[in-house]
Chemist: 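Dumping the structure here so I can ask a few things about it.
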Amino acid sequence: MNFNTIYENIRNNYKKIIISFLIFTQLYILKTYIGYYSPLHIECHIGLYPILGLLFGGWGALGISLANLLTDLSGGYHSLETIICFFVDFIYAYLPYKLWYTFSKNGKLTAPQLGTIFHLAKFCGVILVSTMIYTVLIIMLLHNSQNIGLFSLTTLNYFLNAFIFGFFSGVIGIIISNLKNINLTIPSVNKNPRIKDKWYNLAFVIGIILIITFFIMINVCENQIYYVNLLFVIAISILFLFYTTKPVKDPVIKEKSIYKPIIEKLILIFLGFIIGISLLFTSLAIVIAVETGESSMVIENSLGFTISILLYLFIGWLAFFIPGLIVLKYVEENITRPLALFSKFTRGYINSKDSKEVNKESLMEKYQDYFQKYNEIGILGNSIIKMMSDLENVTSEKERISTELTLARDIQESKLPTNFPKDKVYSINASMKPAREVGGDFYDFFEIDSENICIVIGDASGKGIPAALFAVIAKELIKTQLLSGASLSETMISVNNRLCENNVQSMFVTAWVGVINLRKNELKFVNAGHNAPLIKNGEKFEWLNSKHGLVLGAMENIPYKEFSIPLECDDFQIYLYTDGVTEAHNDEEELFSENRLIELINNNDLNSVEFIDYLNGELYEFKGSQEQFDDITMMIFEYKIGEDEHGNN
């Protein structure tokens with residue numbers, strides 16, 4: 001790490017140092033002020049060390065250690081011991097951070113949180129270990145200067161103050177940091193450190209051994225050498241400081257859940273209850289002491305009274321924390337965890353593009369203990385498995401239907417002519433866009449003989465496969481009749497009668513059929529209830545209005561009148577369409593309408609190739625975000641009168 005890196009780290013984290021410094025200083029001043037009016041040895045400020053270090057890492061530990069160093073120097077303490085105490089404070093603040101990111105579950109680490117029983121137990125263990133090491137190191141310093149032993153009221157007072165207030169402030173600090181999304185210090189991952197883990201662990205173990213050796217030595221040896229004892233403290237501090245440099249190998253999960261799990265809510269309620277019941281025990285202890293006259297011992301033995309109060313607080317915490325933790329562990333293992341697993345699995349199953357990617361057999365094998373239990377969880381688990389099986393059956397059926405619909409669409413499209421003539425005296429272009437996989441619209445064009453060209457457009461009632469089948473039948477019947485030599489009227493009468501046979505669904509077809517005679521320049525047509533086409537038989541397009549015949553398939557033996565008009569324009573054009581064009585609507589529920597259609601056509605001079613693409617584009621832009629609700633089919637026929645097949649006059 002070069003100087004620039006160190007500078008950048010300080011510049012990015014100096015606020016954490018200042019915040020830790022100010023928080024500790026303010027609480028220390030408050031504690032000192034209260035101390036003037038109360039002889040109790042309450043050291044609530046030392047509970048800030050673990051939480052500020054846990055949240056802000058080395059920066060928080062540095063800030064709080066500097067604050068305590070200044071308060072000790074201003075109090076006139078021995079300079080060497082004060083400096084050593086600075087490192088002890090740093091260890092006490094930084095060790096929880098290092099311990100938290102050392103122990104992981106399933107190889108995954110998270111920022112400080114209390115969302116599971118594992119994290120709650122881990123937090124208590126971190127506070128307990130840090131408190132014990134801090135208490136021992138402080139007592140070692142006090143023994144050197146004040147000859148205080150390990151087993152003394154002072155030791156108990158330091159431990160109770162550090163653990164109780166460390167736990168309470170830690171719980172509050174972690175909850176606030178999670179709610180307010182405070183910028184925490186997250187260690188970087190180093191999977192290939194230069195020094196192996198065993199050397200860090202060995203330093204920690206040697207530090208514990210030296211602590212034990214120190215207290216054995218002071219109980220065996222009558223004469224203690226001040227600087228020898230001080231060297232023990234320094235050596236132990238160095239070993240623990242070395243341990244705090246242990247790199248983190250497991251990845252740290254930073255993502256936050258979009259919802260709060262049930263077990264996390266239960267843990268927060270439980271912690272609130274524990275804090276409340278502990279304070280209640282303490283209040284009762286003080287009231288009992290006052291009522292029984294034992295409060296006089298506060299003046300005579302303030303340390304003893306302080307310890308008795310802290311013991312009540314600790315016992316109240318311990319009496320409910322351990323049983324509560326056991327109950328919460330049972331709830332997590334048997335209720336909230338299986339619920340979370342089922343929820344995660346079903347969410348992944350539902351969101352999966354392919355349900356076959358999620359194997360329900362592997363789920364049953366992995367969580368078979370839950371499925372075998374005859375309780376609500378077991379019933380829920382087996383219900384989920386049954387739901388997944390039913391859903392797979394539905395999915396398989398849906399895939400089968402989708403495949404069949406795709407095949408039906410391909411068959412329908414193959415029955416529509418796509419080889420549009422463009423190099424003859426006439427040109428044709430057409431398109432069909434079904435609202436569903438298949439549609440009930442159809443178009444067709446074919447040469448009856450060398451002189452007559454037939455153009456057809458139709459729209460079967462309904463949508464989907466029934467309409468598509470009915471439309472195909474109608475289209476083939478019309479073509480067959482005309483190619484056999486029947487007239488338009490005869491063709492429509494025959495097709496109508498055939499469609500009426502066994503028509504139990506009462507379906508029908510609207511159709512417009514026209515035949516252009518290229519030699520006589522004449523158009524003959526029959527309209528069976530279809531939209532009137534637009535023709536350009538002069539300067540502009542106009543509606544080809546005529547008396548409509550009845551739709552095909554509604555009633556047998558209906559006559560259909562044949563109309564004819566001469567082709568007078570050198571560039572004759574006829575535009576056929578279905579009602580899906582004019583009845584398309586936009587976001588404002590406006591119809592595309594016949595007026596808009598004829599206006600667009602007359603305002604654009606386009607050939608047959610460009611014509612269809614242009615109108616489809618206008619329809620797409622018009623409807624906006626609205627879904628297509630009806631089939632859209634159109635066809636244009638253009639005839640250059642007087643030109644030969646090569647376009648010559």
Side-chain angles (χ1 to χ4, degrees), residues 20 23-24 27-28 31 41-57 60-61 64-65 68 84-103 112 114 119-143 148-174 204-205 207-208 210-212 214-215 233 236-237 239-241 243-244 271 274-275 278 282 303 306-307 309-318 321-322 325:
S20 301
I23 291 176
F24 178 84
L27 190 60
Y28 184 85
K31 170 257 177 187
H41 294 261
I42 299 296
E43 307 288 342
C44 57
H45 63 286
I46 65 177
L48 292 175
Y49 284 91
I51 184 58
L52 290 176
L54 193 59
L55 299 180
F56 298 147
I64 199 170
S65 301
N68 195 49
I84 296 174
C85 188
F86 166 80
F87 290 103
V88 172
D89 291 337
F90 183 84
I91 292 171
Y92 177 40
Y94 192 54
L95 194 58
Y97 175 83
K98 184 55 61 176
L99 291 174
W100 180 273
Y101 291 106
T102 296
F103 300 101
L114 303 171
H119 288 123
L120 180 57
K122 181 180 176 180
F123 168 72
C124 291
V126 165
I127 297 297
L128 180 62
V129 172
S130 303
T131 298
M132 292 175 64
I133 292 175
Y134 169 73
T135 302
V136 170
L137 290 176
I138 287 295
I139 294 303
M140 289 174 70
L141 283 174
L142 292 177
H143 173 81
I148 296 176
L150 177 63
F151 303 102
S152 63
L153 292 179
T154 302
T155 303
L156 184 58
N157 183 62
Y158 266 103
F159 173 78
L160 291 175
N161 272 286
F163 182 79
I164 292 171
F165 293 111
F167 177 85
F168 288 173
S169 63
V171 168
I172 296 171
I174 291 176
F204 190 90
V205 172
I208 300 297
L210 287 181
I211 290 174
I212 298 172
F214 176 84
F215 285 104
V233 179
I236 294 169
S237 298
L239 289 169
F240 284 131
L241 282 173
Y243 178 79
T244 59
L271 290 173
I274 287 295
I275 294 175
S278 300
T282 305
L303 180 60
T306 302
I307 291 175
I309 296 299
L310 292 175
L311 279 174
Y312 274 109
L313 192 59
F314 181 75
I315 291 170
W317 173 86
L318 194 64
F321 184 80
I322 301 301
L325 199 65

Chemist: To the closest 0.5 Å, what do you measure between CZ (Phe204) and CD1 (Ile208)?
Modeler: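 Going from the CZ atom of Phe204 to the CD1 atom of Ile208 covers 4.5 Å.
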Chemist: Listed by chain and number, what are the side chain to side chain contact (heavy atoms under 4.5 Å, CB included) partners of Phe87, not counting sequence neighbours?
Modeler: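 Per chain and number, Phe87 pairs via side chain to side chain contact (heavy atoms under 4.5 Å, CB included) with Ile83, Leu241.
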Chemist: What pairs with Thr154 under side chain to side chain contact (heavy atoms under 4.5 Å, CB included), at least two apart in sequence or on another chain?
Modeler: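 Only Ile139, Leu142, Ile148, Ser152, Tyr158, Leu303 meet the side chain to side chain contact (heavy atoms under 4.5 Å, CB included) criterion with Thr154.
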Chemist: With a 4.5 Å limit on heavy-atom distance, are the side chains of Leu99 and Tyr243 in contact?
Modeler: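 Yes, close enough: below the 4.5 Å cut-off.
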Chemist: CD1 of Ile174 to CG of Leu54: how many Å apart, nearest 0.5 Å?
Modeler: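 Interatomic distance, Ile174 CD1 to Leu54 CG, rounded to 0.5 Å: 5.0 Å.
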Chemist: Would you mind reporting whether Phe24 and Tyr49 have side-chain heavy atoms less than 4.5 Å apart?
Modeler: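 Result yes, sub-4.5 Å side-chain heavy-atom pair found.
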Chemist: I'd like to check Leu313 versus Phe168 (side-chain heavy atoms, cut-off strictly below 4.5 Å). Are they in contact?
Modeler: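 In contact.
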Chemist: How long is the gap from OG on Ser20 to CG on Leu55, to the nearest 0.5 Å?
Modeler: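 That separation rounds to 8.5 Å.
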Chemist: Can you name the ring pair (Phe, Tyr, Trp, His ring centres under 6.0 Å) partners of Phe167, sequence neighbours left out?
Modeler: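 Testing Phe167 for ring pair (Phe, Tyr, Trp, His ring centres under 6.0 Å), a comparison that skips the adjacent residues, returns Phe123, Trp317, Phe321.
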Chemist: Can you sort out the partners of Ile23 under side chain to side chain contact (heavy atoms under 4.5 Å, CB included), two or more places apart, ordered by chain and number?
Modeler: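 Once residues adjacent in sequence are excluded, the partners of Ile23 under the side chain to side chain contact (heavy atoms under 4.5 Å, CB included) criterion are Ile19, Leu48, Leu52.
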Chemist: For Leu239, give me all partners under side chain to side chain contact (heavy atoms under 4.5 Å, CB included), at least two apart in sequence or on another chain.
Modeler: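 If we apply the side chain to side chain contact (heavy atoms under 4.5 Å, CB included) test to Leu239, skipping adjacent residues, the hits are Ala203, Ile206, Leu210.
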Chemist: Could you check if a side-chain atom of Met140 sits within less than 4.5 angstrom of a side-chain atom of Ile236, using non-hydrogen atoms only?
Modeler: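 In short, these two side chains touch, coming nearer than 4.5 Å.
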Chemist: Nearest 0.5 Å please: distance from the CG atom of Asp89 over to the CD1 atom of Ile84.
Modeler: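 If I round to the nearest 0.5 Å, the distance is 12.0 Å.
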Chemist: Which pair of non-hydrogen atoms, one from Thr244 and one from Lys98, has the smallest distance, and what is that distance?
Modeler: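 Heavy atoms of Thr244 and Lys98 come nearest at O-CE, 2.7 Å.
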Chemist: Cut-off 3.5 Å, no hydrogens considered: what does the side-chain donor-acceptor table look like for residues 126-138, sequence neighbours left out?
Modeler:
from	atom 1	to	atom 2	distance (Å)
Ser130	OG	Val126	O	2.8
Thr131	OG1	Ile127	O	2.6
Thr135	OG1	Thr131	O	2.7

Chemist: Indicate the atoms forming the closest heavy-atom contact of Ile51 with Gly173, along with that distance.
Modeler: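 The pair with the smallest heavy-atom distance is CG1-CA, 4.0 Å.
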Chemist: Using the ring of each side chain (for Trp, its six-membered ring), is Trp100 parallel, tilted or perpendicular to His119, with breaks at 30° and 60°?
Modeler: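 Parallel: the ring planes of Trp100 and His119 meet at under 30°.
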Chemist: Roughly how far, to the nearest 0.5 Å, is the CZ atom of Phe159 from the OG1 atom of Thr155?
Modeler: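 Nearest 0.5 Å value for the OG1-CZ distance: 11.0 Å.
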Chemist: If you take all heavy atoms of Tyr97 and Gly57, which pair is closest and at what distance?
Modeler: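 Taking Tyr97 first and Gly57 second, the nearest heavy atoms are CD1-CA, 3.5 Å.
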Chemist: Could you tell me which non-hydrogen atom of Pro50 sits nearest to which non-hydrogen atom of Tyr92, and how far apart they are?
Modeler: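 Closest approach of Pro50 to Tyr92, heavy atoms only: CG-OH, 3.5 Å.
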Chemist: With heavy-atom distances below 4.5 Å as the criterion, would you say the side chains of Phe240 and Ile211 are in contact?
Modeler: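 Yes, their side chains come closer than 4.5 Å.
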